[in-house]
Asker: 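Just passing along the structure, written as structure tokens.
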Amino acid sequence: QVQLVESGGGLVQPGGSLRLSCAASGIRFSAYTMGWYRQAPGKQREMVATITNDGSTNYVDSVKGRFTISRDNANNAVYLQMNSLKPEDTAVYYCNAYRSYVFNYWGKGTLVTVSS
């Protein structure tokens with residue numbers, strides 16, 4: 001079965017940093033675009049960052065220059081380095097693996113809270 005397991009969430013102060021990890025299993029990892037999405041209470045889920053197998057990245061405007069997505073195909077893992085965190089970044093962050101409408105998978109999420 002397909003599994004995406006996130007880790008690294010927690011409580012940080014504004015201006016702090018956090019690194020999220022996602023371990024994937026049950027898929028041909030290199031065939032998937034990997035991504036991080038987030039959902040704050042009462043808000044819609046939004047795309048934060050994506051990365052293709054060849055390394056092309058895409059970020060939502062609000063995190064450009066602060067967040068960096070990367071992938072390690074040898075270990076079937078994707079990461080999100082988050083710097084200069086703001087209270088507005090508070091959300092549950094989800095790992096996503098996408099190939100098509102049929103082959104589209106999600107992790108259970110990890111909570112990131114940015115507060116002083």
Asker: Show your reasoning for whether side-chain contact (heavy atoms from CB on, under 4.5 Å) applies to Leu111 and Thr113.
Answerer: CA-CA 6 Å; Leu111 178 63; Thr113 303; 3.7 Å; yes

Asker: So do the side chains of Phe103 and Val2 get within less than 4.5 Å of each other, counting heavy atoms only?
Answerer: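 Result no, sub-4.5 Å side-chain heavy-atom pair not found.
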
Asker: Evaluate Asn53 against Thr33 for side-chain contact (heavy atoms from CB on, under 4.5 Å), listing each step before the verdict.
Answerer: CA-CA 6 Å; Asn53 189 55; Thr33 292; over 6 Å; no

Asker: Could you tell me whether Arg45 sits above the aromatic face of Tyr94, with NZ or CZ closer than 6.0 angstrom to the six-membered ring centre and within 45 degrees of the axis?
Answerer: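 Pair Arg45/Tyr94 counts as cation-pi.
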
Asker: Test of understanding: clusters of I, L, V, M, F, W, Y form through side-chain heavy atoms closer than 4.5 Å, transitively. Do Tyr105 and Trp36 belong to the same one?
Answerer: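 Yes, Tyr105 and Trp36 fall within the same hydrophobic cluster.
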
Asker: How far apart are the closest heavy atoms of Ala40 and Ala91, and which atoms are they?
Answerer: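 Answer, listing the atom of Ala40 first, then Ala91: N-CB, 3.8 Å.
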
Asker: Please report the shortest heavy-atom distance between Leu18 and Gly10, naming the atom on each side.
Answerer: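 Reported closest heavy-atom pair: CD2-N, 3.9 Å.
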
Asker: Measure the shortest side-chain to side-chain distance between Leu20 and Thr110 over non-hydrogen atoms and say whether it is less than 4.5 angstrom.
Answerer: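 Side-chain contact under 4.5 Å: yes.
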
Asker: Tell me whether Arg71 forms a cation-pi arrangement with Phe29, defined as NZ or CZ under 6.0 Å from the six-membered ring centre and within 45 degrees of its axis.
Answerer: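 So Arg71 does make the cation-pi contact.
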
Asker: Kindly confirm or rule out a cation-pi arrangement of Arg19 over Tyr79, judged by NZ or CZ under 6.0 Å from the six-membered ring centre and within 45° of its axis?
Answerer: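 Flagged: Arg19 positioned over aromatic ring of Tyr79.
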
Asker: Which distance, rounded to the nearest 0.5 Å, do you find between the CG of Asn58 and the OG1 of Thr50?
Answerer: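 Going from CG on Asn58 over to OG1 on Thr50, the span is 4.5 Å.
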
Asker: Could you check Arg38 against Glu46 for side-chain contact (heavy atoms from CB on, under 4.5 Å), going step by step and ending with a plain yes or no?
Answerer: CA-CA 6 Å; Arg38 67 187 181 187; Glu46 68 171 348; 2.7 Å; yes

Asker: Would a hydrophobic clustering, with Ile, Leu, Val, Met, Phe, Trp and Tyr connected at side-chain separations under 4.5 Å, put Leu85 with Ile69?
Answerer: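 Yes, it is one cluster - the side chains of Leu85 and Ile69 are joined through contacts under 4.5 Å.
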
Asker: Determine, for Lys86 against Asp89, whether the closest basic-nitrogen to carboxylate-oxygen distance falls under 4.0 angstrom.
Answerer: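 Salt bridge between Lys86 and Asp89, a charged N being under 4.0 Å from a carboxylate O: no.
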
Asker: Between Val63 and Val92, is there a shared hydrophobic cluster once you connect ILVMFWY residues whose side-chain heavy atoms come closer than 4.5 Å?
Answerer: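 No, because Val63 and Val92 fall into different hydrophobic clusters, even though each may have its own neighbours under 4.5 Å.
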
Asker: Could you check if a side-chain atom of Val78 sits within less than 4.5 angstrom of a side-chain atom of Cys95, using non-hydrogen atoms only?
Answerer: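 Side chain of Val78 against side chain of Cys95, heavy atoms only: contact under 4.5 Å found.
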
Asker: Would you find a donor on one side and an acceptor on the other, under 3.5 Å apart, between the side chain of Asp72 and the backbone of Ala74?
Answerer: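 Pair found, side chain donor or acceptor close to backbone of Ala74.
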
Asker: Do Val102 and Ile27 share a hydrophobic cluster (ILVMFWY, side-chain heavy atoms under 4.5 Å, transitive)?
Answerer: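 Val102 and Ile27: one cluster.
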
Asker: So which atom in Ser17 and which in Gln81 form the shortest heavy-atom distance, rounded to 0.1 Å?
Answerer: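 The pair with the smallest heavy-atom distance is CB-NE2, 4.1 Å.
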
Asker: List the steps, then state whether side-chain contact (heavy atoms from CB on, under 4.5 Å) holds for Thr90 with Ser115.
Answerer: CA-CA 8 Å; Thr90 296; Ser115 177; 5.9 Å; no

Asker: Which atom pair, heavy atoms only, marks the closest approach of Ala24 to Leu4?
Answerer: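 That would be CB-CD2, 3.4 Å.
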
Asker: Please give me the minimum heavy-atom distance between Arg66 and Ser84, naming the atom from each residue.
Answerer: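 In terms of heavy atoms, the two residues are closest at NH1-O, 3.0 Å.
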
Asker: Would you mind checking if Lys108 and Glu6 are paired as a salt bridge, meaning a charged N to carboxylate O distance below 4.0 Å?
Answerer: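 Salt bridge between Glu6 and Lys108, a charged N being under 4.0 Å from a carboxylate O: no.
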
Asker: Between Asp54 (side chain only) and Ser56 (backbone N and O only), is there a donor and an acceptor less than 3.5 Å apart?
Answerer: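 The answer is yes, because a donor-acceptor pair under 3.5 Å joins these two groups.
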
Asker: Could you check whether the rings of Tyr93 and Phe67 sit parallel, tilted or perpendicular, using 30° and 60° as the cut-offs?
Answerer: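 It falls in the tilted class, 30° to 60°.
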
Asker: Are Tyr59 and Tyr98 joined in one hydrophobic group, where the rule is that I, L, V, M, F, W and Y side chains link up if heavy atoms are under 4.5 Å apart?
Answerer: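 In one cluster with Tyr59: Tyr98, no.
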
